[in-house]
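Quick notes on the structure that follows.
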Amino acid sequence: MELFVCKFGGSSVASSEKLQHIVHIIQENPRRRCIVLSAPGKAPGCPVKITDLLIDTVNKVLNNEKFDVILNRIKQRFHAIYRQLNLSSDQIDSILKDLDDRFNFSKDHPGRFRDLIVSAGEDLNCRLFALYLISVGINARYINPRDAGMAVTPVFGDAQPLPACAIQMACLKEACAETIVIFPGFFGYTAEGDIATFSRGGSDLTGSLLAEALDAAEYENWTDVDGIFSAHPAMVDAPLQIPALTYKEMRELSYMGFNVLHEEAVKPVMRKKIPIRLRNTNNLTNEGTLIVSERLPSERDVIGVASSSGYCSFTLQKFLMNREKGFGRRLLAIFEDLGLSYEHCPSGVDNISVILNQDQLKSEIVNTIIRTIEEQLQPDEIKSEFGIALVSVVGEGLVHKIGFLAKATSALAKARVNIKMVNQGSSEMSIIFGIDATDEKKAVQALYRDFFNKG
Ligand code: ASP
């Protein structure tokens with residue numbers, strides 16, 4: 001059977017109405033057999049996600065503070081949602097009892113305790129949702145990630161799936177043929193039998209791992225937006241929705257801050273070339289955005305214009321730098337030794353820049369960087385600059401195009417945006433411009449206007 005794995009995010013499971021709507025979505029297409037749920041997210045009157053409430057509870061427990069008020073808030077939220085779906089208080093309590101039991105576990109390892117508690121948001125939601133489906137006559141079954149073989153590394157709060165996942169979880173194919181599988185997102189089990197969660201938003205990764213293991217025909221990722229847009233709506237008025245893009249294009253856009261899907265979620269489906277479709281639970285008429293390995297050559301080479309700010313650069317000048325063997329390596333090693341990761345490293349004849357995310361810098365470290373570079377590399381000049389934005393034009397179609405860079409730079413020149421750096425990655429999938437952060441919006445609008453013939 002060609003099945004779909006469908007993951008519903010926190011906003012799509014935040015109220016009883018939303019859950020009823022999911023039932024409608026499941027019934028609309030019989031191929032929707034494996035359903036992954038997040039914990040309830042924000043909803044009107046509920047400004048805090050269940051996961052955040054659980055994190056608060058853990059912090060209180062570990063600080064020996066009283067936590068019963070938050071714990072009751074969590075329980076009340078589940079009661080409010082599932083009572084309206086006609087589950088009895090006793091039914092709900094019998095499942096929520098598991099949450100109380102979790103607090104009796106050892107707190108000796110804070111990370112392990114944290115993940116045990118925090119994962120309860122997804123786990124309880126799925127148990128209750130499966131019960132609700134059964135109560136309305138739908139053949140459904142909650143599956144625990146341990147029983148399914150969701151094996152992860154013991155890195156609490158940032159676990160990684162183990163390669164065995166894909167093989168072990170293939171056993172769920174049978175269950176999916178018989179019933180609708182309800183699977184909690186966000187966590188797996190270590191070899192020692194402990195729960196370990198992925199990083200935040202990790203239910204996307206759960207869905208992707210299941211899609212891989214089940215050889216799904218499609219991985220539907222349901223959220224509250226129509227799909228991916230060709231520019232950020234905060235930068236450009238009513239940007240076009242992208243109907244289809246490739247995994248690589250998606251990666252380029254998410255690198256520049258298009259946070260639609262958890263970054264690690266693309267890899268498992270990419271291995272088997274399973275399409276991901278981003279869909280909006282609140283707008284079923286919209287077909288969403290499809291992410292695939294190859295897309296049809298559309299009329300557009302450029303798929304999107306993205307930007308992100310908060311970068312800084314260190315630029316060195318040194319006459320005959322090119323003849324000094326190992327110069328680049330020694331420069332980057334300085335950043336590595338200081339525990340800093342770099343984003344780009346464009347170079348010219350006698351100059352080289354290192355561009356970093358500014359957030360990772362503490363004030364004293366800038367001085368240390370400059371002093372160490374001066375001591376170890378003796379540049380003729382070194383300059384640091386802050387408040388840089390990166391603007392990127394993305395599209396697989398750029399590879400074969402002549403004049404594309406000229407078009408982009410002339411759009412920026414017309415808008416009076418000064419380009420400080422240009423980086424055309426070797427994949428030719430994107431061109432990244434470094435500009436002053438104050439010009440970010442102007443630059444995105446200018447590039448969008450030119451490449452999407454708007455305005
Ligand atoms: N509930 C978790 C979070 O808020 C995981 C998820 O929703 O994907 O990060």
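In listed order, ligands and their atoms are each counted from 1. Throughout, numbering of the chain's residues begins at 1 and tracks the sequence.
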Worksheet item: How about Glu174: does its CD atom have over 12 heavy atoms from other parts shown lying under 6.0 Å from it?
Response: no

Worksheet item: With a cut-off of 6.0 Å (strictly less than), are more than 12 heavy atoms of other residues, nucleotides or ligands near NZ of Lys248?
Response: no

Worksheet item: When you measure from atom 6 (C) of ligand 1 to every protein heavy atom, which one gives the shortest distance, and what is it?
Response: Ser203 OG, 3.3 Å

Discussion item. Among all the protein's non-hydrogen atoms, which is closest to atom 7 (O) of ligand 1, and how far away is it?
Written reply: Ser38 OG, 3.0 Å

Discussion item. Please check this pair: side chain of Tyr219 against backbone of Asp204, looking for a donor-acceptor N/O pair closer than 3.5 Å.
Written reply: yes

Worksheet item: Has Gly201 got any heavy atom lying under 4.0 angstrom from an atom of ligand 1?
Response: yes

Fill in: Sub-4.0 Å heavy-atom approach of Gly202 to ligand 1
yes

Discussion item. With ring-ring contact (aromatic ring centres under 6.0 Å, His included) as the criterion, how do Phe67 and Phe103 come out once you've worked through the C-alpha distance, each side chain's angles and the decisive distance to 0.1 Å?
Written reply: CA-CA 11 Å; Phe67 62 94; Phe103 284 95; 4.9 Å; yes

Worksheet entry | Pairs touching residues 189-215 that satisfy ring-ring contact (aromatic ring centres under 6.0 Å, His included), sequence neighbours left out | none

Practice prompt. Tell me which part of Glu122 gets within contact of ligand 1: side chain, backbone, both or neither, using heavy atoms under 4.0 Å.
Written response: side chain

Discussion item. Show the atoms of ligand 1 that are less than 4.0 angstrom away from any heavy atom in Arg200.
Written reply: 3 (C), 4 (O), 9 (O)

Item to complete: With sequence neighbours left out, write down each residue that passes salt bridge (Lys or Arg N to Asp or Glu O under 4.0 Å) with Asp123, or none if nothing qualifies.
Response: Arg102, Arg127

Discussion item. With nothing but distance in play, are any N or O atoms of Thr51 less than 3.5 Å from an N or O of ligand 1?
Written reply: yes

